[in-house]
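Below is one structure, written out as structure tokens, with a few remarks after it.
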There are 2 protein chains.
Amino acid sequence: MDSGCRKENVAVDKRVREAGLRPTRQRIALADLLFAKGDRHLSAEELHEEAVAAGVPVSLATVYNALHQFTQAGLLRILAVEGSKTYFDTNTSDHHHFYVEGENRIFDIASGPVGVSNLPEPPEGMEIANVDIVVRLRPKRRD
Amino acid sequence: MDSGCRKENVAVDKRVREAGLRPTRQRIALADLLFAKGDRHLSAEELHEEAVAAGVPVSLATVYNALHQFTQAGLLRILAVEGSKTYFDTNTSDHHHFYVEGENRIFDIASGPVGVSNLPEPPEGMEIANVDIVVRLRPKRRD
DNA sequence: CTGTGTGCAAACTCTTTGCATAAGT
DNA sequence: ACTTATGCAAAGAGTTTGCACACAG
């Protein structure tokens, strides 16, 4: 069951290559899972499971390696959320998230006109790399 | 060398008691370190070191317990930052942070008129618990 | 062929847990 | 006295590392 994957693989191959990484079978498979399906947030373990489920028996260590390499290459961002696991975001532009307390669930905020007003000046010698907004959600208690 | 600590201890004792916790020596000492010095962000290990340095030989496990109990009681917040350590914030109101990449350093943003415009509506059955803004800083490269 | 990437398992870090002892009311 | 908290050390989760083998150029 490969139908429809060829084209992505080619594009992804290029993307990986341009990041200065060898387009190995594993990296391409991972990049394909990451980037072919729109914006996603996932942990190393989740990506690993997906890869295995997709018939690419990559090791967890390799998943970690790839995620960090992609991050360094600017293809991914690390999400700032509480909790023990590290989440990676395939959308590297300024955009924002809902975070569901107690469930470690993360949504993208439909990237409308949400914005920050009166951004403060960064301290001397520093510049703003990006701005993350996390809107923390609680289940609404019905009354 | 106890000078000046009495008063805080009394206030802190009350605070701990009102959180529904027994004001034990350790909890009071930790609460005192946390709340007597203005807004702070620190990890369990940092607080533990401070406590030991302050002559209160509390165990790390107790520090973790106390931090979580205080958090549940609404006296602390858990900070959403990347990295393996959990940071706790003594300021539980909506306010925002600078985060220095690669150093795991966190500043409060001088809480001026920074604000979010066009906050999105939360999904069905959810309500907004709070909003965190993290401004990620990179060292400015001099050219 | 040469060098980089992968896989495995062990090591490491941060955090949590269980149980005997100590402290608070 | 009775109950709850503390401390220790061991367990647990997530992540990283080292080294032999495999694959890409």
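Fair warning: this is a prediction, and the values are worked out from it, not measured in the lab. In what follows, chains carry the letters A, B, and so on, assigned in the order in which the sequence lines appear, proteins first and then strands, with residues in each chain numbered from 1.
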Over how many whole Å does the gap from [X] atom [atom1] to [N] atom [atom2] extend?
X     : N      : atom1 : atom2 : result
A:D13 : C:dG5  : CG    : C1'   : 15 Å
A:E82 : D:dG14 : CD    : C1'   : 16 Å
A:K85 : C:dT16 : NZ    : C1'   : 16 Å
A:I78 : D:dT15 : CD1   : C1'   : 12 Å
B:R22 : D:dC2  : CZ    : P     : 14 Å
B:R27 : C:dT25 : CZ    : C1'   : 13 Å
B:R17 : D:dT4  : CZ    : P     : 16 Å

If you compare every side-chain N and O of [X] against the phosphate oxygens of [N] (OP1, OP2), does one of them come in below 4.0 Å?
X     : N      : value
A:R25 : D:dC23 : no
A:Q26 : C:dG7  : yes
A:T86 : D:dT15 : yes

Sorted by chain and number, sequence neighbours left out, salt bridge (Lys or Arg N to Asp or Glu O under 4.0 Å) with B:R22 holds for none

Do [X] and [Y] come within less than 4.5 Å of each other through their side chains, counting heavy atoms only?
X     : Y     : answer
B:L67 : B:L34 : yes
A:R15 : A:L75 : yes
B:L47 : B:L33 : yes

Step-by-step ring pair (Phe, Tyr, Trp, His ring centres under 6.0 Å) determination, B:H68 to B:F88
CA-CA 9 Å; B:H68 286 134; B:F88 295 82; 5.7 Å; yes

Would you indicate which nucleotide in C:dG24, C:dC14, C:dT6 comes nearest to any side-chain atom of B:S84?
C:dC14

Passing candidate, side-chain hydrogen bond (donor to acceptor under 3.5 Å, both in side chains) with B:R77, options B:T92, B:N130, B:N91, B:D89
B:N130

Residues from residues 42-70 of chain A sitting under 4.0 Å of DNA chain C, heavy atoms only?
A:P57, A:V58, A:S59, A:A61, A:T62

Please work out which of the three classes, parallel, tilted or perpendicular, describes the rings of B:H41 and B:H95, given edges at 30° and 60°.
parallel

